[in-house]
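Computed from a predicted model, the values in this text were never measured in an experiment.
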Protein chains: 2
Amino acid sequence: MASIKDVAAEAGVSVATVSRVLNDHPSVSAEARTRVLAAVETLGYRPNAVARSLRTDQTHTLGLVISDVLNPYFTELARSVEEEARALGYSVIIGNADERPDLQDHHVRNLLDRRIDGLLVSPTDGGSPLMLDAVRAGTPMVFVDRWIPGVDVPVVRADGQTAVRDLVAHLHGLGHRRLAIIAGPAATTTGRERVEAFREALAAYGLELPDAYTGQGDFQAESGRRVTEGFLDLPEPPEVVFAADNLMALGALDAVRARGLRVPDDIALAAFDDIRWFVHTDPPITAIAQPTGDLGRAAVRALVDRIEGRPGESVTLPARLVVRRSCGENPAETPVTNRSQS
Amino acid sequence: MASIKDVAAEAGVSVATVSRVLNDHPSVSAEARTRVLAAVETLGYRPNAVARSLRTDQTHTLGLVISDVLNPYFTELARSVEEEARALGYSVIIGNADERPDLQDHHVRNLLDRRIDGLLVSPTDGGSPLMLDAVRAGTPMVFVDRWIPGVDVPVVRADGQTAVRDLVAHLHGLGHRRLAIIAGPAATTTGRERVEAFREALAAYGLELPDAYTGQGDFQAESGRRVTEGFLDLPEPPEVVFAADNLMALGALDAVRARGLRVPDDIALAAFDDIRWFVHTDPPITAIAQPTGDLGRAAVRALVDRIEGRPGESVTLPARLVVRRSCGENPAETPVTNRSQS
DNA sequence: CACGTCGATGTAATCGATTCCAGGCGCGAT
DNA sequence: ATCGCGCCTGGAATCGATTACATCGACGTG
């Protein structure tokens, strides 16, 4: 590949001048500029980003470490992150942690080695020393969706509390009283918070959340299936299962169907995280929708603010309930919200 | 951040020795080695990948440019690509082209500027001058899923011809005679091939594929909806709609449902690309499944072979038909294949 | 004893950019 | 005519690594 020296030789100027033209520095004569640009054209020159980064100490790259790329929620998040980053002149390198702390660490280390300008993380766990060191060392960082308590890093996330209350109201209104939850890993904030919000919402109706109705999942489909099977084996199975993410809801659906039971007739199902496919499942699934695109964009803006020396603040956006048919018929309401989705 | 110089100073040796220790070069005394490693430890030193890349002219990074991250097929592909690359010591930077040639070019340019070691592309179109230049300039490249005819680059893809024949046999056996297809963009190989395979398979049964039954889609859900509406408006609508990818099938499902019609009673539906959710839609959708994971891994191996100076060959793997209920009941067969999926 | 060999180490060049600094030139003011 | 000031320009340092080459000492051998 042609280097800046080749361009300088071709244009008959020094490398300094070429560099000045390329970074449109003011003091370059019109003549030099045109000669350089012509040389760039004929040589098909493209600046070497690696060399530039070494010198300027900026890569114009953000790292995004997410917990699971196969989860449509994170895919959508990744997409909006990349979009906003591109608009602001940054590229994104995605690391998929697969809900595994060791893989998460691998990616964080890799990204740090590559001297990314900032890091967007949705932590799988309570935070490895590596990540905490990075924060302490001053690496610009922003948490998205999940976060690590006690670490001084902006957090961009959705607040599901109101939506969970709406969900419980909806369930209660349909006559359900025995409500169970498939929780996410206790090491994650979202894993804990969703259970707490659910418990509080139940309390408002004088309902309890017994241990038997609190299954421990890991945000993956298989755990949803396993936990649901446990629920169905209980002497008094719950009337509703609320899955703390969309993949576990999928697993729950599998488990229910494998027993030859039907949703919502035999057992109702609801999920945190709404995804396109929930409109098309049998039956369409009632879910709590996060403003995923907005979260991704806000997270990037916060991170870039930090990188470029501005404050960079935390953002919390509301999630909302989307009622479909998986919790039982509500003749007046269902057709409307269903149609609004299509 | 600490640099190699700091380590050298701390250990009381030269930078050359530090570098030798880090790259485990044979001629370093045991004593120097331990001193260097200790210094690395106390300083928390990590080599700067940017500097290293500049010097060695390798980034140990692959670029992956895919057509649409929101498409589960490509998400899965991306995941397996990253996995295999990691196993071989490479990182992956993903660029999402969103089926837009201009975005595809943006990412290719960006990746080239970053001096990635090799490029994995699933082209959205016939190939921009930029990409063709890169091939000519000797950038290691491999096409995956889709390719560009006439370009000398290994291709890793699935062959759907047999599976499409199986599909048509299945449909014919169920009594369907008026079969329609929602095609992908004519600029893509997969867009063209799937139509051709379908047409040939129909011919084997003495059936035609009239223009009215060939809708032009763009691999996005919205086009599937639009085309399907067109089909339903025909004086004699088709009995089956075969969507050339999973998103267009989703759009088709929307369109059918919006009319208050039912699958498969009013119209049958099948799709190219199988995804997890197809088991759970109403009804479960008959699809042609690609060995996505194998494709991703094979593509990475071919690319890394090229990068490291070995041949790097094209690979074609067979796709297979997965029968579910969306084309009509086949009492003997359906329960079995359906159960095998769960 | 002299010489060649080999292992361990350091010095310095290099990768391809950016940028500080100094110098040359033209021009207006004194 | 001289001076000073801007504008352009080039030389050279620099970023943090890798690596060719030189050096030096120890050791074995003829």
Side-chain angles (χ1 to χ4, degrees), chain A residues 1-40 43-61 89 109-117 137, chain B residues 1-40 43-61 89 109-117 137:
Chain A
M1 288 221 81
S3 84
I4 196 173
K5 269 193 211 142
D6 303 318
V7 176
E10 171 83 15
V13 297
S14 73
V15 293
T17 301
V18 175
S19 175
R20 277 189 275 257
V21 171
L22 265 35
N23 296 286
D24 39 40
H25 185 287
S27 59
V28 182
S29 67
E31 211 243 317
R33 163 164 285 113
T34 53
R35 288 238 303 282
V36 167
L37 292 178
V40 165
L43 294 177
Y45 169 77
R46 295 250 76 213
N48 183 329
V50 174
R52 188 198 297 249
S53 293
L54 176 60
R55 182 62 234 250
T56 61
D57 203 35
Q58 346 174 353
T59 50
H60 276 277
T61 304
R109 195 186 321 275
N110 181 17
L111 292 166
L112 254 26
D113 284 356
R114 286 166 188 276
R115 301 299 193 267
I116 43 117
D117 293 341
Chain B
M1 290 221 78
S3 83
I4 197 172
K5 269 192 211 142
D6 304 319
V7 176
E10 172 83 15
V13 297
S14 73
V15 293
T17 300
V18 175
S19 175
R20 278 189 274 255
V21 170
L22 265 38
N23 296 286
D24 39 41
H25 184 287
S27 59
V28 182
S29 67
E31 210 244 317
R33 164 165 285 114
T34 54
R35 288 238 302 286
V36 167
L37 292 179
V40 165
L43 294 176
Y45 168 78
R46 293 251 77 214
N48 182 327
V50 174
R52 187 198 297 249
S53 293
L54 176 60
R55 183 61 233 253
T56 60
D57 203 35
Q58 352 173 350
T59 49
H60 276 278
T61 304
R109 197 187 321 275
N110 181 18
L111 292 166
L112 255 24
D113 285 356
R114 286 165 186 273
R115 302 298 193 266
I116 43 116
D117 293 341

Without decimals, in angstroms, what is the distance between [X] [atom1] and [N] [atom2]?
{"X": "B:His60", "N": "D:dT18", "atom1": "NE2", "atom2": "P", "value": "11 Å"}
{"X": "B:Leu22", "N": "C:dT9", "atom1": "CG", "atom2": "C1'", "value": "16 Å"}
{"X": "B:Arg33", "N": "C:dG7", "atom1": "CZ", "atom2": "C1'", "value": "13 Å"}
{"X": "B:Asp113", "N": "C:dA17", "atom1": "CG", "atom2": "C1'", "value": "13 Å"}
{"X": "A:His25", "N": "D:dC7", "atom1": "NE2", "atom2": "P", "value": "11 Å"}
{"X": "B:Ile4", "N": "C:dG10", "atom1": "CD1", "atom2": "P", "value": "12 Å"}
{"X": "B:Lys5", "N": "C:dA12", "atom1": "NZ", "atom2": "P", "value": "13 Å"}
{"X": "A:Leu54", "N": "D:dT18", "atom1": "CG", "atom2": "P", "value": "12 Å"}

For nucleotides 19-25 of chain C, tabulate all protein N/O to nucleotide N/O atom pairs closer than 3.5 Å, reporting atom names and distance.
none

I'd like to check the side chain to side chain donor-acceptor pair (under 3.5 Å) partners of A:Asn48; sequence neighbours left out, ordered by chain and number.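 Listed in chain order: nothing, the list is empty.
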Which residues share a side chain to side chain donor-acceptor pair (under 3.5 Å) with A:Thr59, sequence neighbours left out: A:Asp117
Students should find that the end-to-end axis angle of the helix from C:dC1-D:dG30 to C:dT30-D:dA1, with five pairs defining each axis and rounding to 10 degrees, is 70°
Which nucleotide sits closest to the side chain of B:Arg52: D:dA17, D:dG16, D:dG10? D:dA17
Less than 4.0 angstrom between a side-chain N/O of B:Ser14 and OP1 or OP2 of C:dG10, yes or no?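 For C:dG10, OP1 or OP2 has a side-chain N or O of B:Ser14 closer than 4.0 Å.
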Please name all residues satisfying salt bridge (charged side-chain N to carboxylate O under 4.0 Å, His left out) with B:Arg109, sequence neighbours left out, ordered by chain then number.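 In terms of salt bridge (charged side-chain N to carboxylate O under 4.0 Å, His left out), with neighbours along the sequence ignored, B:Arg109 is linked to no residue.
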For [X], answer base if it contacts any base atom (sugar-phosphate contacts may also be present), sugar-phosphate if it contacts only those atoms, and nothing otherwise; contact means non-hydrogen atoms under 4.0 Å.
{"X": "A:Ala32", "value": "sugar-phosphate"}
{"X": "B:Val50", "value": "nothing"}
{"X": "A:Val18", "value": "nothing"}

Could you tell me if the side chain of A:Val40 sits less than 4.5 Å from the side chain of A:Leu22, heavy atoms only?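 A:Leu22 reaches A:Val40 side chain to side chain.
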Does the side chain of A:Val50 reach to within under 4.5 Å of the side chain of A:Ser53, using non-hydrogen atoms? no
Most 5' of B:Pro26 and A:Ser3 on DNA chain C, judged by nearest nucleotide: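 The residue mapped nearer the 5' terminus is B:Pro26.
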Using atom names, set out every protein N or O paired with an N or O of nucleotides 25-27 of chain D below 3.5 Å, distance rounded to 0.1 Å.
none

Pairs meeting criterion salt bridge (Lys or Arg N to Asp or Glu O under 4.0 Å) with involvement of residues 12-32 of chain A, two or more places apart: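 For residues 12-32 of chain A, and leaving out neighbouring residues, the salt bridge (Lys or Arg N to Asp or Glu O under 4.0 Å) pairs sorted by first residue read A:Glu31-A:Arg35.
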Write out all pairs satisfying salt bridge (Lys or Arg N to Asp or Glu O under 4.0 Å) with one or both partners inside residues 44-59 of chain A, taking only residues at least two apart or from two chains.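 Non-adjacent pairs meeting salt bridge (Lys or Arg N to Asp or Glu O under 4.0 Å): A:Arg46-B:Asp113.
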Can you list, pair by pair, the side-chain donor-acceptor contacts under 3.5 Å of residues 4-12 of chain B, counting residues two or more places apart and other chains?
{"unit_1": "B:Asp6", "atom_1": "OD2", "unit_2": "B:Ser3", "atom_2": "N", "d": "2.7"}

Could you tell me which residues satisfy side chain to side chain contact (heavy atoms under 4.5 Å, CB included) with A:Asn110, sequence neighbours excluded, listed by chain and number?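 So A:Asn110 forms a side chain to side chain contact (heavy atoms under 4.5 Å, CB included) with A:Arg114, B:Ser91.
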